[in-house]
Number of protein chains: 2
Amino acid sequence: MARMVAERPDVIPMLGEIFREYGYEGASLAVITEKTRLGKGSLYHFFPGGKEEMATVVLQQIDAWLEDQIYRPLRESDNPRASISAMCRAVSDYFRSGCRVCLVGAFALDNVRDRFASAIVDYFTAWKSALAAALQKLGHKPDEAADLAEEAVANIQGALVLARALNDPAVFERAMLRIERRLL
Amino acid sequence: MARMVAERPDVIPMLGEIFREYGYEGASLAVITEKTRLGKGSLYHFFPGGKEEMATVVLQQIDAWLEDQIYRPLRESDNPRASISAMCRAVSDYFRSGCRVCLVGAFALDNVRDRFASAIVDYFTAWKSALAAALQKLGHKPDEAADLAEEAVANIQGALVLARALNDPAVFERAMLRIERRLL
DNA sequence: TCAATATTGTACCACTCAGTAAAGAGTTTT
DNA sequence: AAAACTCTTTACTGAGTGGTACAATATTGA
């Protein structure tokens, strides 16, 4: 039969948005088939492991993107100020000023946390340590840098929760400004 | 037939813990009947509105508790330092060092946010303004106090997300110390 | 004692869930 | 051209969903 969608990779970003919008449990196969315009057959052809595999792949893709765009620059740049500043901009963009949810944060609060525990831990650990590396290059002592990094990562998550709760992007933007000011 | 549980009020805290543990969608009636030891008949007798009414009542009860234990002291105490300090302790206790989820925060990230939007907005708004009132009594200017309060409330949520993601209460305790230090 | 009311167990409803099976259509390879 | 492979459609399963109906039973107050 005719191909509806070129390749499996094309579906992954759609799945990401679906999980963001509906959550893991809320993203029923009915929703997924409707939004992706893919029948169940195709879905299970691409992801034999079903919904769980879909979510796993989405989490992998998110990790890869952040590694490229944020973690590596933080670790490897010889201009830590600039890469931290770039991180704040990228985060603000990525989360669309708080209108977009952090999938990993949402999973962490959900009862699917245990199912994706290792991906969730990896996500936050990688972020913390990459940011801490940049902060050390900025002159902070290792434990001081780790503390600052943990605080920043937590505060980003908090800003996302509050902005979505109050449905107010300004809350997120204010928080990101505070976070950047404190890091630099 | 014999009464299993004395009164409707006794069930509400159980429902709270169930929603915390399973989320709104994850808390199926099967789970609820099992954990409360109440049959569907009793459940729908006490809560004719079904699951949605159960969650609404739980949110109301949470709000009432916080109003009593945290908001009112913050607003009315003439020792703002002490009441802010007490708030931090109460929060740490309430969330069991981050092992317990904030139901309202979790709902905010979930796709049930819209259904309980007003309760969610009220929760965070009340908290922010009560804390801002205390900060004003501490000598902060109104907009400065509002900003600090918003930051603190957001950071508590962030600490909850990160602590649960990393499954590490120490993350939450560290964050609460930072928050208290910054407020006082 | 006895009727009114409050509570509970059970069976049931229509619907949705994730997942499967299999046959067919399209494309590639041989 | 035909076999092999990739993808899609369709119909289906069995379990679980929230919610309803109602009769059976307890408790209460007169």
Side-chain angles (χ1 to χ4, degrees), chain A residues 1-59 103 106-107 110-116 119, chain B residues 1-59 103 106-107 110-116 119:
Chain A
M1 275 198 166
R3 270 169 216 231
M4 304 290 305
V5 153
E7 298 288 337
R8 178 181 123 132
D10 300 328
V11 194
I12 300 172
M14 291 192 218
L15 291 174
E17 293 310 314
I18 295 168
F19 284 129
R20 271 184 229 281
E21 191 175 341
Y22 294 88
Y24 183 76
E25 317 231 43
S28 68
L29 287 193
V31 166
I32 296 174
T33 54
E34 186 205 336
K35 298 266 173 183
T36 59
R37 317 288 305 155
L38 249 54
K40 277 192 194 184
S42 309
L43 244 17
Y44 275 87
H45 176 70
F46 287 128
F47 308 97
K51 235 168 73 157
E52 183 150 347
E53 184 178 347
M54 298 180 208
T56 302
V57 169
V58 166
L59 290 173
L103 191 57
F107 276 20
D110 200 278
N111 67 325
V112 297
R113 181 192 61 162
D114 294 348
R115 211 186 302 200
F116 302 103
Chain B
M1 277 201 167
R3 271 168 215 229
M4 304 289 304
V5 153
E7 299 287 337
R8 180 182 123 133
D10 301 328
V11 194
I12 301 172
M14 292 192 217
L15 291 174
E17 292 310 312
I18 293 168
F19 284 127
R20 277 193 167 83
E21 191 175 341
Y22 293 89
Y24 182 76
E25 317 230 42
S28 68
L29 287 193
V31 166
I32 296 174
T33 54
E34 188 206 335
K35 298 265 174 186
T36 59
R37 315 291 302 157
L38 249 55
K40 275 192 192 188
S42 310
L43 244 19
Y44 275 88
H45 175 70
F46 288 128
F47 307 97
K51 232 167 79 157
E52 185 151 345
E53 185 179 345
M54 297 180 208
T56 302
V57 169
V58 166
L59 290 173
L103 191 57
F107 276 19
D110 200 278
N111 67 327
V112 296
R113 181 192 62 161
D114 295 347
R115 210 185 303 199
F116 302 104

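Note that the structure is a prediction, hence the values are computed from the model and not measured. To find a chain, count down the sequence lines: A is the first, B the second, and so on, and within it residues start at 1. Atoms considered below: every heavy atom in the structure, side chains included; atoms not considered: hydrogens, waters and symmetry mates.
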> Can you tell me if Lys35(B) uses its side chain to pair, donor with acceptor, with the backbone of Leu15(B) under 3.5 Å?
Replying inline: no

> Glu34(A) CD to dT16(C) C1': how many Å, rounded?
Replying inline: 14 Å

>> Tyr22(B): which residues meet the ring-ring contact (aromatic ring centres under 6.0 Å, His included) condition with it, sequence neighbours left out?
In response: none

> Hey, which of Leu59(A), Ile12(A), Thr36(A), Leu29(A) is the one that makes side chain to side chain contact (heavy atoms under 4.5 Å, CB included) with Met54(A)?
Replying inline: Leu29(A)

> Whole-Å distance between dT5(C) C1' and Phe46(B) CZ?
Replying inline: 13 Å

> Quick one: what's the B/S/- string for nucleotides 16-23 of chain D, heavy-atom cutoff under 4.0 Å, read 5' to 3'?
Replying inline: -SBBB---

>> As an exercise, state the distance from CZ of Phe19(A) to CZ of Phe107(A), rounded to the nearest 0.5 Å.
In response: 6.0 Å

> Do Met14(B) and Leu38(B) pass the side-chain contact (heavy atoms from CB on, under 4.5 Å) test, and can you show the C-alpha distance, the side-chain angles, and the key distance before you say yes or no?
Replying inline: CA-CA 11 Å; Met14(B) 292 192 217; Leu38(B) 249 55; over 6 Å; no

>> Run the side-chain contact (heavy atoms from CB on, under 4.5 Å) test on Glu25(B) and Asn111(B) for me, step by step, so that the C-alpha distance in whole Å, both residues' side-chain angles and the decisive distance to 0.1 Å come before the verdict.
In response: CA-CA 9 Å; Glu25(B) 317 230 42; Asn111(B) 67 327; 2.8 Å; yes

> Counting just side-chain N and O atoms, does His45(B) come under 4.0 Å of either OP1 or OP2 of dT7(C)?
Replying inline: yes

> Please give, in whole Å, the distance from dT20(C) P to Leu43(A) CG?
Replying inline: 13 Å

